[in-house]
Asker: 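Pasting a structure here, questions to come.
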2 protein chains.
Amino acid sequence: MQTSDNSRHEGAGPDPLALDVRKSAILNAVVTEYIGSAQPVGSQHVMDAPGVSVSSATIRADMAALERDGYLAQPHTSAGRIPTDKGYRFFVDHLGGPGALDPVGRQQVRQFFDHAHGEIEMMLEKTSGLLADLTDCTAMVVGPSHELATLRSVQLVGLGPRLALLVVVLADGAVQKQSIDLAEDVDEGRLADAARYLAAHSLGRALSQIDATLVTTGDPATDAVVSVGVDALRHLGSAEAGDQLFVGGSSHMAAAFDAVDTVRSVLTILEQQLVVVTLLRDVLDRGLSVAIGTEHGVEPLASCAVVVMPVSVDGVVTGTIGLLGPTRMNYPQALAAAQVVGNRLGQRLSESRR
Amino acid sequence: MQTSDNSRHEGAGPDPLALDVRKSAILNAVVTEYIGSAQPVGSQHVMDAPGVSVSSATIRADMAALERDGYLAQPHTSAGRIPTDKGYRFFVDHLGGPGALDPVGRQQVRQFFDHAHGEIEMMLEKTSGLLADLTDCTAMVVGPSHELATLRSVQLVGLGPRLALLVVVLADGAVQKQSIDLAEDVDEGRLADAARYLAAHSLGRALSQIDATLVTTGDPATDAVVSVGVDALRHLGSAEAGDQLFVGGSSHMAAAFDAVDTVRSVLTILEQQLVVVTLLRDVLDRGLSVAIGTEHGVEPLASCAVVVMPVSVDGVVTGTIGLLGPTRMNYPQALAAAQVVGNRLGQRLSESRR
DNA sequence: CGTTGGCACTCCATTCTACTGAGTGCTGAC
DNA sequence: GTCAGCACTCAGTAGAATGGAGTGCCAACG
């Protein structure tokens, strides 16, 4: 029954990277074809594929074997084959290769980064749009974390009688703010004093390194302001304030599925920033660059695949970009786009902090 | 043929706020029913509606008249009637009333604003989520413009040899930044000097009131920095930097339509911030609070309706909230929700600047 | 032994038909 | 002006027939 020579009987054995060269070619053909057409592909079509020069009967036998091993599935008897998640996985890992961006896309990327200007948030937002355009997927960009960036400026601005704003500038150009409720009226002079002490206490450090040590200025009223200031700084450094997410091209999800229910559930997920960020981080932490179907734990995205790519700023991974598409997305293209854009973005961010 | 006593013959005459009391009741019933069921409604169903106590035959005659006058339409012969845009318009203007939020929603709003905290952007973002939840529509929130807010702080922070960041704090708590490329290396002292002069030039004014008058400090190098600083300030005051848009609940659009194409085109529009902001502003400028179907000029949204509501901070209209749904959205509910949330949001924003 | 052409079989998709039933428009009577 | 009655229309559903793409199996071939 089993025709291949790398012996393994029926059932889905562990076969780590087995598969006959011809079976690989056939799987490759099926995946490629299906990505393009979204239609089950039959043995006839596979015959035309390069690297496969056997009759359709032989292909059928191999496809049956591939189905037994879990790489392919049949929507119903006497239909063509569709890749399973495992099939896509093999395709991504052993076939398909890295793929290259088409010249048009390459040009688009170049142009984008040549003309990219303005503040970081704007750029990340636009980057998500670019990625979405390039890949016909939904793009997710998680802004670089500011954990390691050191404080360049700390300022307290009075906004009302008992209200002030703590404004912090980090070395990477990020500006964060935190409103502060004061126990009693504080005049500008005292605010400025407090800000000076806060600065002395924190400048040059990262937000996460601010300790709660009290600074004594000699004046108890000022001390009180400094104290809430320190609290505010530590709050900014905590996880709550971090991780901006930019999602672009969510409309592509409506083009990817024809079941409107699927679209809705996917969009619902995309609206939950925390879920998305966690998902991307999880995948990355597991050392993957692609998560297919149920490989990530988010059930409503079972018919989706995620491509993730770290963004390194000055050699340190701080940001993430992700692509979300149907499991039958164009993996080589998505990987190539994510890689190129990720690199350029990292470069760009590194430059801008010199 | 025409049964009503307020004489007007066939054809879609101007009839500004005509319509027989019974015809109104029938139209009301059709719209209400259709909003709930999304199914064409027939004369039988209208019979059950309150305020209509005539036989189905009479209702049929009236519905035929309503169709002739353009308030109703038939998907095909011998189907029930569906409201046209004109029908919805009449419903919104003369029927349906303001509507009230259900107690659950009211509770939700109260709870939200009681617990709302954190920075303004976060709050606006969450407000869009709240509105979307309340109405099953997609919610759009345009942040209050900072045109009128006066400058409370101007600061220049050096980030690199020839790179600085202009950080501006406005009286309403908004923080804006703009990176500045310097022609030559500038040390911290000179930056501080320049910032001081900038502050003297601009503090207490609104961003839009910054004029290009050069400030002479006596030192040409400092003057150069001040000059780019002024440019940057004016840039921040220009339209480009304004109008943050927060969109929440776009997944509801996938539930509203069963044609996946419609969903895609609507989502595509929602991704274009400028289009959305312009749309909302347009509708508001025309003095409308509801724009139905083609009343706003955006063709891909022809099957959608928009509800807009201004947000007043200290009595001045500065922000906008909008709801986007299918033309058969629940107008009374949407209007009520928009009104309540708009008011509370305005109050909240007014408070926070005291 | 792997490969191949042939063949019977399966079953989705399409088409056609018939039928149902919700809904209409009309008409004549009250 | 309203209403009951009636003939008519037509989307939607269900069932039967058809076509065709695709499969699995097998016997034969090099």
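Just so we're clear, the structure is a prediction, and the values are computed from it rather than from any experiment. To find a chain, count down the sequence lines: A is the first, B the second, and so on, and within it residues start at 1. The basis for the numbers below is simple: all heavy atoms, side chains too, and nothing from hydrogens, waters or symmetry mates.
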Asker: I need the NE2-P distance between His76(A) and dG22(D), as an integer number of Å.
Answerer: 10 Å

Asker: Using whole Å, report how far CD1 of Ile59(A) lies from C1' of dT3(C).
Answerer: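 To the nearest whole Å, that distance equals 12 Å.
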
Asker: Output the rounded distance in Å from CD (Gln44(A)) to P (dG6(C)).
Answerer: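 Between P of dG6(C) and CD of Gln44(A): 12 Å.
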
Asker: Ignoring backbone atoms, establish whether Ser55(B) has a side-chain N or O less than 4.0 Å from OP1 or OP2 of dC3(D).
Answerer: yes

Asker: Minimum heavy-atom separation for Gly325(A) to Cys137(A), with atom names?
Answerer: CA-SG, 4.0 Å

Asker: Just how far, in rounded Å, is P of dG23(C) from CG of Leu72(B)?
Answerer: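 These atoms are roughly 14 Å apart.
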
Asker: Tell me: CE of Met63(A) to P of dG24(D), nearest whole Å?
Answerer: 7 Å

Asker: Identify the two heavy atoms, one from Thr138(A) and one from Gly249(A), that lie closest to each other, and give their separation to 0.1 Å.
Answerer: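 Minimum heavy-atom contact is OG1-O, 3.1 Å.
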
Asker: Find the distance Asp62(A):CG to dC25(D):P and express it as a whole number of Å.
Answerer: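 To the nearest whole Å, that distance equals 14 Å.
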
Asker: Output the rounded distance in Å from CD (Glu67(B)) to C1' (dT24(C)).
Answerer: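 In whole Å, dT24(C) C1' lies 10 Å from Glu67(B) CD.
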
Asker: Which of parallel (below 30°), tilted (30 to 60°) and perpendicular (above 60°) describes Phe90(B) and Tyr71(B)?
Answerer: perpendicular

Asker: Applying salt bridge (charged side-chain N to carboxylate O under 4.0 Å, His left out), which residue pairs with at least one partner in residues 288-299 of chain B are found, sequence neighbours left out?
Answerer: Arg89(B)-Glu295(B)

Asker: Identify whether any heavy atom of Ser43(B) sits under 4.0 Å from a base atom; if not, whether one sits that close to sugar-phosphate; answer base, sugar-phosphate or nothing.
Answerer: sugar-phosphate

Asker: Answer yes or no: are there more than 12 heavy-atom neighbours, outside Asp102(A) itself, under 6.0 Å from its atom CG?
Answerer: yes

Asker: Are any of the side-chain heavy atoms of Met253(B) and Cys304(B) separated by less than 4.5 Å?
Answerer: yes

Asker: Report which part of the nucleic acid Ala79(A) touches: base, sugar-phosphate, or nothing (heavy-atom distance under 4.0 Å, all strands).
Answerer: sugar-phosphate

Asker: Are the side chain of Arg328(A) and the backbone of Ala256(A) linked by a donor-acceptor contact shorter than 3.5 Å?
Answerer: yes

Asker: Can you tabulate the close N/O pairs, meaning under 3.5 Å, that link protein atoms to atoms of nucleotides 8-10 of chain C?
Answerer:
residue, atom, partner, partner atom, Å
dT10(C), O2, Ser78(A), OG, 2.7

Asker: Between dT23(D), dG25(C), dT2(D), which nucleotide gets closest to the side-chain atoms of Ala64(B)?
Answerer: dG25(C)

Asker: Determine whether a donor-acceptor pair (one donor, one acceptor, N or O, separation below 3.5 Å) exists between the side chain of Arg60(B) and the base of dG5(D).
Answerer: yes

Asker: What is the distance, rounded to the nearest whole Å, between atom CZ of Arg22(A) and atom P of dC1(C)?
Answerer: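 Value for this atom pair: 16 Å.
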
